[in-house]
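Report on one structure; see the data block that follows.
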Amino acid sequence: MTEYELNEFQSDFDPQAMADGLKEDPSPKNKLQHFARLNTAAFLVFSRAPGKVSVLNTKKKEAFIAAFTCREELEKWPFDRETVAEMTFANLRRLVDADPRLDGLVINPFGKALFLRRPHFSDMDNTLRAAQPRKELKLKATLDYPMGLPLAVRQLMADHPEVYRVWLVAAHSEGETVDHKLFIVDFDGKPESIFPKLAEAVRLYMRQGESFEMMKADIRLLRVAEQAARPIYEKA
């Protein structure tokens, strides 16, 4: 970037506004507004080559891609500096998804930092997906997962008596040509109380770059799930 471009850059996304806004109002509607803004935002990063960006390692041995909303925040970086590039959140997210050594993304790490970990990405995906017009969903049984995955789900749900059943099925919506994995969870409560923990537990069993979806079961979805497959977890 030129000096002029660097001086003029200001991300459309305000990480502090998102952190404060979701703390005050964690409703799906408010989440959707903040997540939609983040999903289309761009940031500054230090880059030594295409797809190679600077990473911040924490004392807890976590690794985060470092992104900045403006030059003022960028200048706080205390380490060796490389070429400055502009990257979209979507592209930064792809880098995290493709590298299991990365724990997430941190925005303005030396200011009012916002840490976005993998469970946050899953919450964001589910929120944005739920807001899309619902297409007809077709489900079928699948054994395309490691043997240890059902056990990991059962161990997690042992601490969540509000969960009654969990299905793992192959699913595709109208217009899709490839199946994706879908976890259907029959439980009492809000998705944010279960889904981030479930995503963290099952991600270890997913292939690199493989995505999955989670949905809370309503009456319609329960009927389809019951006809398609047996649950991988059922409360005793």
**Prompt:** Distance from Tyr164 atom OH to Lys235 atom NZ, nearest 0.5 Å?
**Reply:** 5.5 Å

**Fill in**
Nearest heavy-atom contact between Ala229 and Val169 is CB-CG1, 3.9 Å

**Item:** Check: Trp77 ring centroid to Phe46 ring centroid under 6.0 Å
**Value:** yes

**Item:** Straight-line distance of Leu143 CG to Leu168 CG, nearest 0.5 Å
**Value:** 9.5 Å

**Request:** Look up atom CG in Leu139 and atom CG in Leu221, then write down how far apart they are to the nearest 0.5 Å.
**Result:** 6.5 Å

**Item:** Listed partners of Glu213 passing salt bridge (Lys or Arg N to Asp or Glu O under 4.0 Å), at least two apart
**Value:** Arg129

**Prompt:** Does atom NZ of Lys197 have more than 12 heavy-atom neighbours from other groups under 6.0 Å away?
**Reply:** no

**Asked** Yes or no on salt bridge (charged side-chain N to carboxylate O under 4.0 Å, His left out) for Arg71 and Glu5, after CA distance, side-chain angles and deciding distance?
**Response** CA-CA 10 Å; Arg71 181 166 192 168; Glu5 291 172 329; over 6 Å; no

**Item:** NZ/NE/NH1/NH2 to OD/OE distance under 4.0 Å, Asp179 and Lys140
**Value:** yes

**Asked** Under 4.5 Å between side-chain heavy atoms, hopping through other hydrophobics if needed: is there a path connecting Leu182 to Phe195?
**Response** no

**Short side-chain donor-acceptor distance under 3.5 Å, Ser27 and Asp25** = yes

**Message:** For Leu22, give me all partners under side-chain contact (heavy atoms from CB on, under 4.5 Å), at least two apart in sequence or on another chain.
**Reply:** Met18, Asn30, Lys31, His34, Phe35

**Prompt:** Taking all non-hydrogen atoms of both residues, which atom of Ala199 and which atom of Ser122 are closest, and how far apart?
**Reply:** CB-OG, 3.5 Å

**Asked** Does CZ in Phe79 sit with more than 12 non-hydrogen atoms of other residues, nucleotides or ligands closer than 6.0 Å?
**Response** yes

**Message:** Membership question, hydrophobic clusters at under 4.5 Å side-chain separation (ILVMFWY): are Val185 and Leu222 in the same one?
**Reply:** no

**Asked** Quick one: does Arg203's side chain have a donor or acceptor within less than 3.5 Å of a partner on Pro119's backbone?
**Response** no

**Leu105 vs Phe64 side-chain heavy atoms within contact, under 4.5 Å** = no

**Prompt:** Got a salt bridge between Glu62 and Arg117, using NZ or NE/NH1/NH2 to carboxylate O under 4.0 Å?
**Reply:** yes

**Request:** Taking the side chain as every heavy atom from C-beta outward, state whether Val96 and Leu116 have any atom pair closer than 4.5 Å.
**Result:** no

**Asked** With distance as the sole criterion, is a donor-acceptor pair present between the side chains of Asp20 and Gln16 under 3.5 Å?
**Response** yes

**Request:** Specify the closest pair of heavy atoms between Ile232 and Val153, including all atoms of both residues, with the distance to one decimal.
**Result:** CD1-CG2, 4.0 Å

**Message:** Show the nearest heavy-atom pair for residues Phe9 and Thr69, with the distance to one decimal.
**Reply:** CE2-O, 3.4 Å

**Prompt:** Atom CD of Glu75 and atom CZ of Phe110: how far apart are they, to the nearest 0.5 Å?
**Reply:** 13.0 Å

**Request:** Determine the minimum heavy-atom distance between Met214 and Leu198, stating which atoms define it.
**Result:** SD-CD2, 3.6 Å

**Prompt:** What distance do Thr88 atom OG1 and Phe43 atom CZ have between them, rounded to the nearest 0.5 Å?
**Reply:** 9.5 Å

**Item:** Candidate pair Arg101 and Val55, rule side chain to side chain contact (heavy atoms under 4.5 Å, CB included), full reasoning
**Value:** CA-CA 11 Å; Arg101 296 171 297 179; Val55 171; over 6 Å; no

**Message:** Same cluster or not: Ile65 versus Leu38, using hydrophobic residues (I, L, V, M, F, W, Y) connected whenever any side-chain heavy atoms lie under 4.5 Å apart?
**Reply:** yes

**Prompt:** Under a 4.5 Å side-chain heavy-atom rule over Ile, Leu, Val, Met, Phe, Trp and Tyr, are Phe212 and Leu204 clustered together?
**Reply:** yes

**Prompt:** Does the pair Asp125/Arg93 count as a salt bridge with the N-to-O cut at 4.0 Å?
**Reply:** yes

**Message:** Using 30° and 60° as the class boundaries, would you call the ring planes of Phe121 and Phe89 parallel, tilted or perpendicular?
**Reply:** perpendicular

**Atom pair CG (Asp218) and CD1 (Ile184), whose distance is rounded to the nearest 0.5 Å** = 9.5 Å

**Message:** As a quick check of understanding, evaluate side chain to side chain contact (heavy atoms under 4.5 Å, CB included) for Ile194 and Lys216, giving each step before the final call.
**Reply:** CA-CA 10 Å; Ile194 296 294; Lys216 182 176 181 179; over 6 Å; no

**Asked** Any donor and acceptor pair, going by atom type alone, linking the side chain of His180 with main-chain N or O of Ala171 inside 3.5 Å?
**Response** yes

**Request:** Check the hydrophobic clustering (I, L, V, M, F, W, Y; side-chain heavy atoms under 4.5 Å; chains of links allowed) and say if Met215 and Val163 are grouped together.
**Result:** no

**Prompt:** Is the backbone of Asp123 close enough, under 3.5 Å, to the side chain of Thr127 for a donor and an acceptor to pair up by distance?
**Reply:** yes

**Prompt:** What do the steps show when you test Val45 against Leu92 for side chain to side chain contact (heavy atoms under 4.5 Å, CB included), and what is the final call?
**Reply:** CA-CA 9 Å; Val45 296; Leu92 292 170; 3.9 Å; yes

**Sidechain-backbone polar pair: Asn108 side chain, Phe68 backbone, donor-acceptor under 3.5 Å** = no

**Request:** Decide, yes or no, whether a salt bridge links Lys52 with Glu82 under the criterion of side-chain N to carboxylate O below 4.0 Å.
**Result:** no

**Request:** Consider only side-chain N and O atoms of Arg81 and Ser54, and report whether a donor and an acceptor are under 3.5 Å apart.
**Result:** no

**Message:** Any heavy-atom pair between the side chains of Val166 and Pro231 that's under 4.5 Å?
**Reply:** no

**Request:** Please report the closest heavy-atom contact between Lys181 and Asp144, naming both atoms and the distance.
**Result:** CE-O, 2.7 Å

**Request:** Assess whether atom NZ of Lys76 is packed by more than 12 heavy atoms of other residues, nucleotides or ligands within 6.0 Å.
**Result:** yes

**Request:** Please name all residues satisfying ring-ring contact (aromatic ring centres under 6.0 Å, His included) with Tyr145, sequence neighbours left out, ordered by chain then number.
**Result:** none

